[in-house]
Number of protein chains: 2
Amino acid sequence: MSTLEPPRARYKQVAALLRDAIRRGDYTPGSTLPSQPDLAKKYGLNQSSISRAMATLQAEGWIRTEHGRGSVVLDVPMVKRVRKIDRHHRSSRGESAYAEELAEAGMTARTELVHWGEEDPPDIISEALRIAPSEAVLVRKRHMFADDKPVQIAASYIPMCVAGSVDIAMPDTGPSGMYGRLAERGFAPVRFSEDIEVRGATSEESEFLNIVHGQPVFQVLRTAFDPEGRPVEACLNVLAALRWRLTYTWEQER
Amino acid sequence: MSTLEPPRARYKQVAALLRDAIRRGDYTPGSTLPSQPDLAKKYGLNQSSISRAMATLQAEGWIRTEHGRGSVVLDVPMVKRVRKIDRHHRSSRGESAYAEELAEAGMTARTELVHWGEEDPPDIISEALRIAPSEAVLVRKRHMFADDKPVQIAASYIPMCVAGSVDIAMPDTGPSGMYGRLAERGFAPVRFSEDIEVRGATSEESEFLNIVHGQPVFQVLRTAFDPEGRPVEACLNVLAALRWRLTYTWEQER
DNA sequence: TAGTGGTCTAGACCACTGC
DNA sequence: CAGTGGTCTAGACCACTAA
């Protein structure tokens with residue numbers, strides 16, 4: 001039994017001790033912490049207090065408690081990954097911007113097409129595309145991995161009147177290839193806009209991204225416009241906000 | 001006493017009821033919720049359970065509990081504010097970009113110079129400016145308000161070798177005026193880079209921004225470079241992440 | 001089945017606020 | 001001082017997981 005002293009709340013002291021232990025590497029990602037009854041015995045506290053400490057660590061993103069199994073240590077990256085946007089950086093090759101970015105960071109990119117077809121878009125998308133909510137769009141939803149770890153959910157939406165047919169999205173070559181096919185149809189994207197918001201992760205998102213439900217995620221909405229200013233594509237990306245740094249660079253117009 | 005039914009945890013049901021009530025406007029921003037003993041009586045629960053419901057609402061950013069005073073309802077903006085960055089948008093007038101942005105949204109901007117002088121910079125700044133940690137910089141820390149509500153903390157850092165003297169930052173006219181004086185000294189900023197991270201708010205930040213400790217904040221680090229690629233200014237902005245949408249637009253290089 | 005985490009109570013004491 | 005929220009216990013029961 002260790003010594004926990006007021007005035008600081010003892011469940012916070014336990015949380016701090018475990019947090020430091022995880023940070024030090026005493027508990028490695030994927031392993032489980034001692035059980036709550038064991039920790040209660042060790043620190044001379046009630047299970048309720050330990051449970052509270054665990055809830056704290058979970059809210060901070062250090063662990064994920066799994067009912068009936070234990071408290072699993074999550075992998076907490078010391079260095080954030082970088083997502084880079086600048087004018088000189090895009091579509092230089094046939095690869096997707098995503099693969100390029102990760103390659104620069106020395107990581108391997110993999111993309112999985114999750115879903116694909118013609119649908120009614122969510123409100124945020126119909127607004128971005130300036131179409132009626134009932135107007136169908138071509139959807140392409142993908143899961144993205146870096147070194148086989150899940151990192152991003154991406155959903156691309158194109159109005160059917162722009163896409164022409166569902167085939168334009170196949171094969172799934174990423175934005176560059178698809179933008180080329182859009183250009184052939186007279187809808188070459190020339191201007192881009194990204195809206196960045198932060199919100200709590202949904203259950204679906206937290207499951208895929210391997211974070212705790214409610215942890216903050218970036219929701220990045222990229223809209224592509226053709227020379228006439230018409231939106232031709234909207235793409236909704238979701239990333240774990242605590243694990244990424246987004247970078248934008250631009251030159252001053254003089 | 002109301003009816004709360006398993007299987008859902010009853011403290012979660014109470015949290016949901018109060019959340020809906022706040023959303024509906026039954027409790028207005030600035031007012032306090034009923035006391036925990038009162039709510040316990042009303043819902044037929046123990047104070048501990050109510051306390052847990054309150055902790056949940058606080059973590060979600062709906063209320064702020066104040067020890068000995070009560071649980072204060074925070075103002076939850078329905079529409080997020082927008083912070084816009086594009087090449088065509090900046091330094092068109094003598095005003096600061098911040099004032100321009102807010103004026104477009106129909107809001108009144110106010111800036112308060114909090115602190116000003118010559119200091120050793122934090123690590124993140126010395127890295128951005130590519131100087132030794134011990135090299136002094138000119139600091140200009142400001143608090144920014146929109147319609148007299150606190151919205152942003154901004155700290156600008158300029159290497160002393162670039163600034164020349166501390167006077168360059170005065171009078172406090174915002175970036176545009178200051179960039180002009182830098183240009184006179186041969187350090188005209190022409191390229192900009194912004195790094196966006198999300199982290200939990202510190203106590204100081206949560207106090208000023210009127211959010212709960214630990215709620216996510218944007219930390220935006222803008223670095224300005226002169227034509228030779230030398231960093232001439234680094235500016236660290238902190239905003240409540242759940243209340244803002246950041247927007248970036250750019251044109252495709254062809 | 002045994003072991004895990006999740007919830008809840010009844011009661012207690014504390015620290016802080018404002019009158 | 002009374003009223004507020006914060007913490008903690010001892011004990012209980014539940015739901016879930018894995019052997």
Side-chain angles (χ1 to χ4, degrees), chain A residues 1-18 22 27 30-60 62-74 203 206-207 212-214, chain B residues 1-18 22 27 30-60 62-74 203 206-207 212-214:
Chain A
M1 166 172 167
S2 302
T3 58
L4 301 176
E5 298 293 342
R8 276 189 42 185
R10 286 183 279 198
Y11 80 89
K12 287 183 183 170
Q13 297 180 53
V14 171
L17 288 170
L18 292 171
I22 293 172
Y27 302 106
S31 67
T32 59
L33 297 181
S35 75
Q36 291 186 4
D38 284 358
L39 288 171
K41 220 165 288 168
K42 174 170 178 185
Y43 293 112
L45 292 179
N46 194 287
Q47 190 214 334
S48 302
S49 302
I50 299 297
S51 180
R52 220 172 154 186
M54 299 312 227
T56 304
L57 290 178
Q58 180 163 257
E60 293 171 352
W62 294 96
I63 64 174
R64 185 215 299 268
T65 58
E66 296 183 15
H67 201 159
R69 295 194 355 102
S71 299
V72 182
V73 178
L74 297 178
S203 303
S206 56
E207 194 180 338
V212 178
H213 177 81
Chain B
M1 164 170 166
S2 301
T3 58
L4 300 177
E5 298 293 342
R8 276 187 43 186
R10 287 184 277 198
Y11 80 89
K12 287 183 183 171
Q13 297 180 54
V14 172
L17 288 170
L18 292 171
I22 294 172
Y27 301 105
S31 68
T32 59
L33 297 181
S35 75
Q36 291 186 4
D38 284 359
L39 288 170
K41 222 164 285 167
K42 175 171 179 185
Y43 293 111
L45 293 179
N46 194 286
Q47 189 214 334
S48 301
S49 302
I50 299 297
S51 179
R52 226 179 146 177
M54 300 310 227
T56 304
L57 290 178
Q58 179 162 258
E60 293 172 351
W62 294 96
I63 65 173
R64 186 217 299 269
T65 58
E66 296 182 14
H67 201 159
R69 296 195 354 101
S71 299
V72 183
V73 178
L74 297 178
S203 304
S206 56
E207 194 180 338
V212 178
H213 176 81

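Computed from a predicted structure; not experimentally measured. Chain identifiers are assigned alphabetically (A, B, ...) following the order of the sequence lines, protein sequences preceding nucleic acid strands; residue numbering begins at 1 within each chain.
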For the pair made of [atom1] in [X] and [atom2] in [N], what is the distance, rounded to whole Å?
X: Gln36(B); N: dG11(C); atom1: CD; atom2: P; value: 18 Å
X: Leu39(B); N: dT4(D); atom1: CG; atom2: C1'; value: 12 Å
X: Ile50(B); N: dG3(D); atom1: CD1; atom2: C1'; value: 17 Å
X: Tyr43(A); N: dC8(D); atom1: OH; atom2: P; value: 14 Å

Task: Most 5' of Thr65(B) and Gln47(A) on DNA chain D, judged by nearest nucleotide - done: Thr65(B)
- [ ] Would you kindly compare Arg52(B) and Asn46(B) by the position of their nearest DNA chain C nucleotide and give the one closer to the 5′ end?
- [x] Arg52(B)
Open item on the list: Once rounded to the nearest 0.5 Å, what's the spacing between atom CG of Leu57(A) and atom CG of Leu33(A)?
Closed with: 7.5 Å
Open item on the list: I need the Ile22(B) CD1 to Trp62(B) CH2 distance, nearest 0.5 Å.
Closed with: 7.0 Å
Of the listed nucleotides ([options]), which one gets closest to any side-chain atom of [X]?
X: His67(A); options: dT7(C), dG6(D), dA15(D); answer: dA15(D)
X: Ser48(B); options: dG11(C), dC8(C), dT4(D); answer: dG11(C)
X: Arg69(B); options: dT17(C), dG5(D), dA18(D); answer: dT17(C)

- [ ] Please check if the side chain of Gln13(A) supplies one atom and the backbone of Arg8(A) the other of a donor-acceptor pair under 3.5 Å.
- [x] yes
- [ ] Report which part of the nucleic acid Ser71(B) touches: base, sugar-phosphate, or nothing (heavy-atom distance under 4.0 Å, all strands).
- [x] sugar-phosphate
